[in-house]
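Shown next, in structure tokens, is the structure this report addresses.
Convention: sequence-line order gives letters A, B, ...; per-chain numbering from 1. Predicted, not measured: the structure shown is a model, and the values here were computed from it.
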Protein chains: 2
Amino acid sequence: MAQRRPTLRDVADAAGVHVSLVSRVLRNDPRGFASEATRARILRAAEELGYRADVSARGLRSSKTMTLGLLLPGFSSPVYSAIAHGVEERATRHGYGVVLGTHAAGDPHETISDLVMHGRVDAMLVASGRIEDAALRRLVGRLPRSVVLVNRQVRGIAASVVLRDGDAAASAVAHLVGLGHRSICGVFGPSTLDTMVRRRRGFTRAARALQVEASTLEVADRDSAAGYEGAVRVLRSRRPPTALVAGTFPMGIGVLAAARDEGVAVPAEVSVLSVHNDQSADYLAPRLTTVSLPAESLGAEAVELAMVLTSGGTARRVVVPDEPQLLVRESTAPPPR
Amino acid sequence: MAQRRPTLRDVADAAGVHVSLVSRVLRNDPRGFASEATRARILRAAEELGYRADVSARGLRSSKTMTLGLLLPGFSSPVYSAIAHGVEERATRHGYGVVLGTHAAGDPHETISDLVMHGRVDAMLVASGRIEDAALRRLVGRLPRSVVLVNRQVRGIAASVVLRDGDAAASAVAHLVGLGHRSICGVFGPSTLDTMVRRRRGFTRAARALQVEASTLEVADRDSAAGYEGAVRVLRSRRPPTALVAGTFPMGIGVLAAARDEGVAVPAEVSVLSVHNDQSADYLAPRLTTVSLPAESLGAEAVELAMVLTSGGTARRVVVPDEPQLLVRESTAPPPR
DNA sequence: CTGTTAGCGCTTTCAC
DNA sequence: GTGAAAGCGCTAACAG
């Protein structure tokens, strides 16, 4: 039991050939066209011994670790979980491993440089909104072809993947206007997060295009507490809107709670809607209408872009094309009167 | 820019010594007591060059990858996010990396064996409830000292870390009984998940000890939908209980929604309580009373146990000692009448 | 078609 | 105290 893992050597011996040939055959190296007979023998031997290439050895020799680093600020938001899941799944499909780096409290630089500088990873996927642009640019400057921004764009950094955040917000506005609303307020997280900026822009643009009165409120965070706080302020204002758009799903939960605490009926007196969907939307009171964005694709596409980069391709800005999906539930209705 | 990473060789040259000495000094190898002077020179050179040992090379030579594998079924439940976070944080503190393996759809065996057999990791932390006991035992049989079960115990596998699930459920019962409830129902997920089994046992034991009427219902899953479905059945039964305990937080959300849809007021007509807490508890209607369990510690303790194992220590069953915390919010109250 | 020969960057005996 | 040399398991030139 627990014997040592078989090496290339073991396979070669079993097949009666040289290790290098085994290596080539197993990797489908173009220069390794063995005769059908030996090829079969090698494959069988490898199979029988349960041979798996040692990634350390391979990495050392070829300086490809077959590993991607994923930097997250933590798992505070369901979006991060979705990204992680999408990344892991797609990376696996390409034979890549994923090493996790979070930096809830700590210094993101430390995390990144540890991963990259120890030669642990071939590329870094950075899905943290909290690192400043300048710091990010500095980092990318030192590691030109191996950083992909996820759910974020930064001037001067070419490789990034984002969703149609603006369109999602616009679609929320369109839905409300279709219902008859003429006065809508958007509650968004801090404009240091570029998803929030894009959603706010989409919101404002759509409102202008549809000629409705629209205001936005920026709050300090993008969690339920921030949504709650923002909604309280809006609902207590002199002329409250008839509809509220929350910048994130957790914020939507907060907005709903605020309306309840303020004694404002949803959707009878005010409609509520959030950008981004979540499983639990169906279990809120009332069930929250949302605009769904494919967060898992974000991870998958980021991996694809990383694959392109590591194989010498050129960086691009990717926008995941999936149309935002409006999911009408119970929290939106025509305005009162 | 983007120059190649400095090697041991570079540091040695800069310090005017041999690589082997650098290696020993940098690792604080007991056999490497350099004179204070050279020691200082080496340290300075390494610092200046920004030297970081290449993990592949180190792994190849010492067959220690300084990497832990974390197997999750996905990020379906917030508990998995918490575990991942706890693992990552603690592993980093020990200088270990974490590679993620999920198997939402795919074959968990593939994931595990890929990770382990490619020599990617020194140990595997298995936090999936979905793999069958037998399969797990088989796996551990082949990799004796490198598998740690997280949030799960399996007969025949010594290394595991769990929380005080039973006590958490018991504490929920105690709270309800203290409020005056005499008829309580527990809705738990499938008994193939041993957290569910432990919670159900704790529930039943506490009810018996406190001499109240208690029944349990097993539903097919442990998400909001399952909680909803279970609660509907309970609330429509001939003699519904005055209180419901949900086996997980998502189930608690579902139970709340079911009560609302069935027209049963919470907490006036029925009290609801969940095992496990979550941020969003404060934003539900009504705010959900929960029993909090330290899910992040689960990850941290699993890493500690893995450290023990990889350094030749003996496997043990760890129960994270933290007392479950009852967080009373709005969903529990004395029974009607 | 297949084998030989060098290392990748590091740790680890064993010398001096 | 420090250096020399070997080699972890693999891939990549170059031979044949």
Side-chain angles (χ1 to χ4, degrees), chain A residues 3-43 45-46 49-67 95 116-122, chain B residues 3-43 45-46 49-67 95 116-122:
Chain A
Q3 354 172 8
R4 90 190 194 315
R5 298 188 305 127
T7 74
L8 215 43
R9 179 81 205 267
D10 298 326
V11 180
D13 288 353
V17 294
H18 195 266
V19 286
S20 64
L21 187 53
V22 177
S23 169
R24 287 182 293 231
V25 167
L26 258 28
R27 281 177 301 123
N28 286 315
D29 185 311
R31 270 171 290 274
F33 272 126
S35 69
E36 266 315 316
T38 45
R39 193 183 156 70
R41 251 185 308 135
I42 290 173
L43 258 25
L49 294 173
Y51 171 79
R52 302 289 166 118
D54 182 296
V55 289
S56 291
R58 174 174 286 180
L60 181 56
R61 186 61 239 241
S62 59
S63 54
K64 289 212 53 176
T65 60
M66 297 301 281
T67 305
V116 178
M117 297 310 285
H118 279 292
R120 255 187 206 287
V121 302
D122 292 335
Chain B
Q3 354 172 7
R4 87 190 195 317
R5 298 189 307 124
T7 73
L8 215 43
R9 179 80 204 268
D10 299 326
V11 179
D13 288 354
V17 294
H18 196 265
V19 285
S20 62
L21 188 53
V22 177
S23 168
R24 288 182 291 231
V25 167
L26 258 28
R27 283 177 300 120
N28 287 314
D29 187 319
R31 269 172 291 273
F33 271 128
S35 69
E36 265 316 313
T38 44
R39 191 183 158 70
R41 249 185 311 135
I42 291 173
L43 258 23
L49 294 173
Y51 170 78
R52 302 286 165 121
D54 183 295
V55 290
S56 292
R58 175 174 287 178
L60 182 55
R61 186 60 236 242
S62 58
S63 56
K64 289 213 54 179
T65 60
M66 297 301 280
T67 306
V116 178
M117 298 310 285
H118 276 119
R120 252 188 208 289
V121 302
D122 293 336

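- Other residues, nucleotides and ligands contribute more than 12 heavy atoms inside 6.0 Å of the CZ atom of A:R27.
- Looking at every heavy atom in both residues, B:V17 comes nearest to B:R41 through CG1-NH1, 4.3 Å.
- At the heavy-atom level, B:L21 lies under 4.0 Å from the strands shown only through sugar-phosphate atoms.
- Per the geometry, CZ belonging to A:R5 stands 14 Å off P belonging to D:dC8, to the nearest Å.
- The CG atom of A:D13 sits 10.0 Å away from the CG atom of A:L8 when rounded to the nearest 0.5 Å.
- A:D10 approaches A:R5 most closely through the heavy-atom pair OD2-O, 4.3 Å.
- For A:R52, the side chain to side chain donor-acceptor pair (under 3.5 Å) partners are B:D114, not counting sequence neighbours.
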Using a 4.0 Å cut-off on protein heavy atoms (strictly under), produce a 5'-to-3' string for nucleotides 10-16 of chain D with B for base contact, S for backbone-only sugar-phosphate contact, and - for none.
-> BBBB---
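- Residues B:D122 and B:M66 approach most closely at OD2-N, 2.8 Å, considering heavy atoms.
- If you walk DNA chain C from 5' to 3' and mark each nucleotide with an atom closer than 4.0 Å to a heavy atom of chain A, the marks span C:dC1 to C:dG9.
- Helix bend of the helix from C:dC1-D:dG16 to C:dC16-D:dG1: the angle between its two end axes, each built from five pairs, comes to 40° after rounding to 10°.
- Between A:P6 and A:G50 the shortest heavy-atom distance is CG-O, 3.9 Å.
- When heavy atoms are screened at a 4.0 angstrom cut-off, B:T38 is found touching the sugar-phosphate backbone but no base atom.
- If you check the side chains of B:R58 and A:S56, you find no donor sitting under 3.5 Å from an acceptor.
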Using distance only, find each side-chain donor-acceptor pair of residues 30-37 of chain B under 3.5 Å and give its atom names and separation, not counting sequence neighbours.
residue	atom	partner	partner atom	Å
B:S35	OG	B:T38	N	3.4
B:S35	OG	B:T38	OG1	2.9

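- The side chain to side chain donor-acceptor pair (under 3.5 Å) test applied to A:T7 returns no partner, not counting sequence neighbours.
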